[in-house]
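A quick write-up on the structure given underneath.
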Amino acid sequence: LLLFRAMDCGRRSVAMDDSTEVQRQLYNTIGIHLNSLPECAVLTDGSLTDHPIIGATAGFAELTGYSVEEMLYRNCRFMLEGVPGTAISKSARTNIKDFCAQCRNETVAAIGELASVQPNRRKDGSHFVNFFLIGHLRIQGKPLILGSTINLSEGLYTEMSAVQWRAAWEESRITFKKIRDHLFTVSGTQVERSLGNPPSGFAFYRDRLQDHCLLLNDGLSAVRREPHQLAQHCLVFGDRPVEQTSLGYSFGVRIDRVISTFVGLPVFGFTKREPQDKPWLYPDVVRCLGGSVLIGGCEEAFARDKLEHYVMGFSTPPQTEIQTWSRQPDVPLHKRHLQTSVEVGDVFHCMWLHSGQLQLFRNGERVLDFDVARPPDRNQDYYAVVDVSFTACGVTLLPLSGGSDGDVREAAAQKTIGRLVSQAAIERGIRAAVVDCRDCVTVADPSCADCPLMAMSASFEEMSGFAKQEVIGSNCRFINKNCSIDAETRTRLRESARTGCHFKDVLQNRRKSGELFQNLIDMRGIVLGYNVRTRESLWFLVAVQADVSGLNEEYIPVDHDASMNELVKNIHEAAAKELAMLSEVSDADEDWWRLLENPSWIKVEAVPERQELSIEDGAVPAAGGGDRANDSDFVTIAVDAPEVRVSDSHQPMFTKRSKIAALLTGGATLIGGVLAYQLFL
């Protein structure tokens with residue numbers, strides 16, 4: 001046991017040495033270019049959870065009293081040492097941690113800069129109040145986090161008015177952009193601001209984002225950070241004008257992520273204000289947006305003719321400033337019960353007709369229709385507006401295709417809606433089949449950015465401690481928070497999510513309560529149908545999971561094949577039922593996706609590198625004396641580490657309390673307190 005612990009410590013030491021070497025290379029190639037700059041800024045490695053410093057300016061070294069060499073490869077929290085806990089904002093630190101975690105997402109196209117005020121401690125022990133702004137950038141394929149700082153005052157506390165805050169924000173952002181562009185220049189990084197010809201006709205504008213906005217998928221997807229804490233702060237615009245059709249203007253989005261903390265529709269609309277990287281880009285709230293017509297929220301519509309934003313006070317804006325329409329105009333806002341729900345997979349389409357009608361469609365059905373008495377000007381450019389707010393916390397722009405003729409373009413848009421409405425029906429069937437499944441099951445959608453969960457069983461809620469409303473629309477990595485996972489296993493997980501290949505292993509996971517447990521995960525892709533026009537496969541990522549922490553042998557599942565087959569049968573039946581119901585109300589949508597008569601598992605296999613676990617100088621012998629050179633299947637037997645003994649012949653001996661944990665695909669590893677032996681069959 002001591003030998004294996006030493007082996008594990010050795011692997012960790014090698015990993016740390018490799019990580020430090022990478023950081024040295026980042027400093028020598030990137031961070032070193034900050035050394036002589038007079039501005040106050042620091043650069044960290046965003047790919048690592050501890051975000052070590054890989055560069056700092058001369059101005060930052062002068063402010064803190066630490067030399068650049070003293071700061072390198074350390075987390076910035078050393079400047080909080082000696083600062084009273086009562087002076088540190090916990091909510092700000094939580095926000096910063098979430099921002100840094102999002103920066104590690106490889107699909108990030110842009111993320112809104114984050115600003116905060118915290119007291120810090122210099123090397124000499126003195127305190128100062130630090131206003132800092134951090135932003136994301138990618139150089140040489142590495143996610144980096146650049147922070148610019150301003151010394152507001154000496155001591156632990158200070159007061160700032162809203163005007164002073166905005167001035168500090170802009171000053172810090174100017175410094176951030178200046179140093180960012182300097183690093184891009186010296187590293188030869190080419191920055192692509194937007195897609196040349198996005199399939200949706202436009203992408204989301206990325207040069208200035210609100211502080212809780214995250215753009216993925218080349219700017220076609222927008223996500224609200226910390227959605228359970230904030231209902232708004234993710235207002236986005238199109239980066240180019242919406243194309244005009246014979247009917248008017250229109251665009252659509254697919255809902256990727258939802259939460260139940262807030263209730264309300266996202267807000268959609270159009271504005272004549274061209275988005276620019278200027279301080280005045282965003283209004284206080286979306287309804288105050290200048291030169292706009294908007295629809296959604298609490299089933300309302302808004303219109304403001306003046307180009308400048310309305311400045312919100314304590315009273316309701318007068319109709320002369322912001323004209324408002326509502327489905328329930330006589331019901332107070334807090335007593336309204338919305339008739340339109342928002343679910344993952346829903347398709348929303350916003351249309352502003354030349355007649356002056358502003359309409360909102362959900363899954364092809366018109367849910368809101370207001371005569372705003374403002375026909376669009378045919379000679380004016382209009383930009384799409386989406387406020388990713390309330391229930392929706394992630395959306396993706398719908399692709400449009402067709403010729404330049406308006407009618408053709410509009411018909412193509414309606415076809416896109418039909419295609420995704422049909423897909424949404426299948427997804428409703430999946431959710432219906434999974435919700436009451438007796439096994440611990442999750443289903444994710446690999447067609448969406450970051451492969452978010454779209455369905456989960458009650459058993460998974462019970463095992464993980466997370467309610468469905470908290471995590472649907474999020475990647476399943478929330479149960480991996482601060483858990484140990486080796487690079488090879490992480491690679492196999494990502495490959496399974498990307499291709500649907502089979503993944504089976506025991507991972508250390510964490511419940512919502514913080515308790516660690518051993519999770520047996522059996523994950524693979526299932527192809528349910530195909531697109532009859534494009535022959536595109538419709539597949540989802542299905543995972544059956546089980547808590548195997550401390551279980552006796554007779555209760556450990558050897559495999560999940562029976563559960564998987566039963567689950568797929570139920571999903572297929574539920575999806576077929578939903579499509580049949582859809583065909584009763586539409587004469588075209590059923591032709592978009594066709595279910596396979598027999599759903600099939602994706603056959604691609606991720607074959608891990610075979611590793612033999614040696615005990616001292618001898619390898620563990622093959623079970624049954626098989627020829628390892630000719631056998632590709634093997635199992636891992638997990639044994640309670642304190643009960644392991646090694647015989648003179650190096651054959652592992654199992655005491656009465658030692659239990660076989662599971663049949664797994666993978667190599668020998670130390671998982672928590674469980675020592676896993678790989679035996680070839």
Check: D277 main-chain N/O paired with Y205 side-chain donor or acceptor under 3.5 Å:
yes
Begin from the C-alpha positions of V108 and C103 and carry the test side-chain contact (heavy atoms from CB on, under 4.5 Å) through to its verdict.
CA-CA 7 Å; V108 168; C103 289; over 6 Å; no
Search all heavy atoms of C437 against all heavy atoms of S457 and return the closest pair with its distance.
O-CB, 3.8 Å
Under 3.5 Å: donor-acceptor pair, side chain of R304, backbone of E321
yes
Nearest heavy-atom approach of G112 to F99 is O-CE1, 3.3 Å
Quick check for you: to the nearest 0.5 Å, what is the distance between F460 atom CZ and F466 atom CZ?
8.0 Å
Could you give me the CA-CA distance, side-chain angles and deciding distance for I472 and M456, then say whether side-chain contact (heavy atoms from CB on, under 4.5 Å) is met?
CA-CA 8 Å; I472 288 295; M456 57 192 286; 4.0 Å; yes
Q380 and Q244, any side-chain heavy atoms less than 4.5 Å apart
no
Walk me through whether E274 and Y383 qualify under side-chain contact (heavy atoms from CB on, under 4.5 Å).
CA-CA 7 Å; E274 179 182 359; Y383 298 84; 3.3 Å; yes
For residues A168 and M160, report the shortest heavy-atom separation together with the two atoms involved.
CB-CE, 4.0 Å
Note, Q328 side chain near K335 side chain (heavy atom, < 4.5 Å)
no
Polar side-chain atom of Q164 near backbone of S161 as donor-acceptor pair, under 3.5 Å
yes
List the atom of P446, the atom of C451, and the distance in Å for their closest heavy-atom pair.
CA-SG, 3.8 Å
In this structure, are over 12 heavy atoms from other groups packed under 6.0 Å from R374 atom CZ?
yes
Kindly indicate whether the side chain of L360, heavy atoms from C-beta on, has any atom under 4.5 Å from the side chain of L265.
yes
Please test K468 against E343 for salt bridge (Lys or Arg N to Asp or Glu O under 4.0 Å), starting from the C-alpha separation and ending with a verdict.
CA-CA 12 Å; K468 177 174 62 176; E343 299 179 4; over 6 Å; no
Ignoring hydrogens, what is the shortest heavy-atom contact between A455 and R431? Give both atom names and the distance.
CB-CG, 3.7 Å
Value for CD1 (I96) from OG (S116), rounded to nearest 0.5 Å, stands at 4.5 Å
List the steps, then state whether side-chain contact (heavy atoms from CB on, under 4.5 Å) holds for F478 with L453.
CA-CA 11 Å; F478 57 85; L453 290 180; 3.8 Å; yes
Quick check against the 3.5 Å criterion: does N475 have a side-chain atom that pairs as donor or acceptor with the backbone of P452?
no
Could you tell me whether a side-chain N or O of H349 sits under 3.5 Å from a main-chain N or O of F251, the two making a donor and an acceptor?
yes
For a 4.5 angstrom cut-off between non-hydrogen side-chain atoms, does V388 reach P266?
no
Using 0.5 Å steps for rounding, measure from the CD1 atom of I295 to the CD atom of E300.
10.5 Å
Pair D387 + R287, salt bridge at N-O below 4.0 Å
no
Heavy-atom side-chain contact between L398 and R254 under 4.5 Å
yes
Taking all heavy atoms of R138 and all of N105, pick out the closest pair and write down the distance.
NH2-O, 3.8 Å
Count the heavy atoms belonging to other residues, nucleotides or ligands that lie under 6.0 Å from CD of E159, then report whether that count exceeds 12.
no
Is the closest side-chain heavy-atom distance between D239 and R206 below 4.5 Å?
no
So, do T324 and Q319 sit near enough that their side-chain heavy atoms are less than 4.5 Å apart?
yes
Would a 4.5 Å heavy-atom cut-off, applied to side chains only, mark V395 and F348 as touching?
no
One thing to verify: whether E299 and R362 come together as a salt bridge, which I'm taking to mean a side-chain N less than 4.0 angstrom from a carboxylate O.
no
Distance-only donor-acceptor hits, side chain of residues 227-237, under 3.5 Å, sequence neighbours excluded:
unit_1: H228; atom_1: ND1; unit_2: T261; atom_2: OG1; d: 2.6
unit_1: H228; atom_1: NE2; unit_2: E470; atom_2: O; d: 3.1
unit_1: H233; atom_1: ND1; unit_2: D211; atom_2: OD1; d: 3.3

Rounded to the nearest 0.5 Å, the CG atom of L137 sits from the CD1 atom of I111 at a distance of 12.0 Å
Electrostatic pair D377:K272 at N-O distance under 4.0 angstrom:
no
Is a side-chain N or O of R511 found less than 3.5 angstrom from the main chain of G465, in a donor-acceptor match?
no
Within the distance-only criterion (no hydrogens, no angle test), does the side chain of H309 pair as donor or acceptor with the backbone N or O of L281 below 3.5 angstrom?
yes
Could you state the interatomic distance from CD1 (I479) to NZ (K512), rounded to the nearest 0.5 Å?
14.5 Å
Hey, can you tell me if Y249 and F270 have their rings parallel, tilted or perpendicular (30° and 60° cut-offs)?
tilted
Distance flag, aromatic centroids of W165 and F131, threshold under 6.0 Å
yes
In Å and rounded to the nearest 0.5 Å, what is the OG1 to CG distance from T271 to L294?
8.0 Å
Please say whether more than 12 non-hydrogen atoms of neighbouring residues, nucleotides or ligands are located less than 6.0 Å from CD in E106.
no
Flag, side chain of R273 to backbone of L307, donor-acceptor distance under 3.5 Å:
yes
Are any side-chain N or O atoms of S172 and backbone N or O atoms of F132, one a donor and one an acceptor, separated by less than 3.5 Å?
no
